Peer 1: 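Structure in structure tokens, see below.
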Amino acid sequence: QQQVKQSPQSLIVQKGGISIINCAYENTAFDYFPWYQQFPGKGPALLIAIRPDVSEKKEGRFTISFNKSAKQFSLHIMDSQPGDSATYFCAASTKAAGNKLTFGGGTRVLVKP
Amino acid sequence: DGGITQSPKYLFRKEGQNVTLSCEQNLNHDAMYWYRQDPGQGLRLIYYSQIVNDFQKGDIAEGYSVSREKKESFPLTVTSAQKNPTAFYLCATSEKDREQYFGPGTRLTVT
């Protein structure tokens, strides 16, 4: 059972455009929602994270939007740059379950110059 | 990657052999995790440990074993019972209730 569903699987955006990646979850006990960025052959790097007591969090060009009632959260990458070309993973965890992360399937983003 | 070391970066083994992947950290984090990543897919949790001398199975523990004798080290053994061991293996660490940070990974190929 896939508890975190991520879409789209891949995304092509022009330089300067906005990349939007969506995730939906099923487990209402999830209380922490991070996003990771992964380059080929490397380990994932934590990008930004949110907890359900806020609806939006922004760090530089990256923004997480969170909709608790819809059980959805999304990553917006503003002014996308070629260096943002990577695979992005959403994840979710619950403190009660030892903070084990459940990952979405990933979105491969390609930013064209 | 910070203070998380995984070695080696690439590992090749023959089918039927056990192999141990190393994960060492100098971040003084309590919790350590092992994930498996297959091409084009997300990460799946194999085992995790929140404290020395204690560990729990994740979602895909069959065919794997771990130990946590020291806070700094959490080695993963891929046994011959693991039916499809070829994958990218990632170790992560975290402080209690905080973000997980990943190592650089070990790519294991079994033929």
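Only a predicted model underlies this, so the values are computations on that prediction, with no experimental measurement involved.
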Peer 1: Please state whether the side chain, the backbone, both or neither of A/L101 comes within less than 4.5 Å of a heavy atom of chain B.
Peer 2: both
Peer 1: Pick one of side chain, backbone, both or neither for B/L43, based on which atoms fall under 4.5 Å of a heavy atom in chain A.
Peer 2: both
Peer 1: Less than 6.0 angstrom separating the ring centers of B/Y64 and B/W34, yes or no?
Peer 2: no
Peer 1: Below 4.5 Å from any heavy atom of chain A, which atoms of B/Q41 appear? Answer side chain, backbone, both or neither.
Peer 2: backbone
Peer 1: Just by distance, do the side chain of A/Q38 and the backbone of A/K42 share a donor-acceptor pair under 3.5 Å?
Peer 2: yes
Peer 1: Need one label for B/Q37: side chain, backbone, both or neither, based on atoms under 4.5 Å from any heavy atom in chain A.
Peer 2: side chain
Peer 1: Regarding A/K15 and A/D79, does a basic nitrogen lie under 4.0 Å from an acidic carboxylate oxygen?
Peer 2: no
Peer 1: Side chain to side chain contact (heavy atoms under 4.5 Å, CB included) for B/Q82 and B/R36? Distances and angles first, verdict last.
Peer 2: CA-CA 12 Å; B/Q82 168 50 232; B/R36 170 188 172 131; 3.5 Å; yes
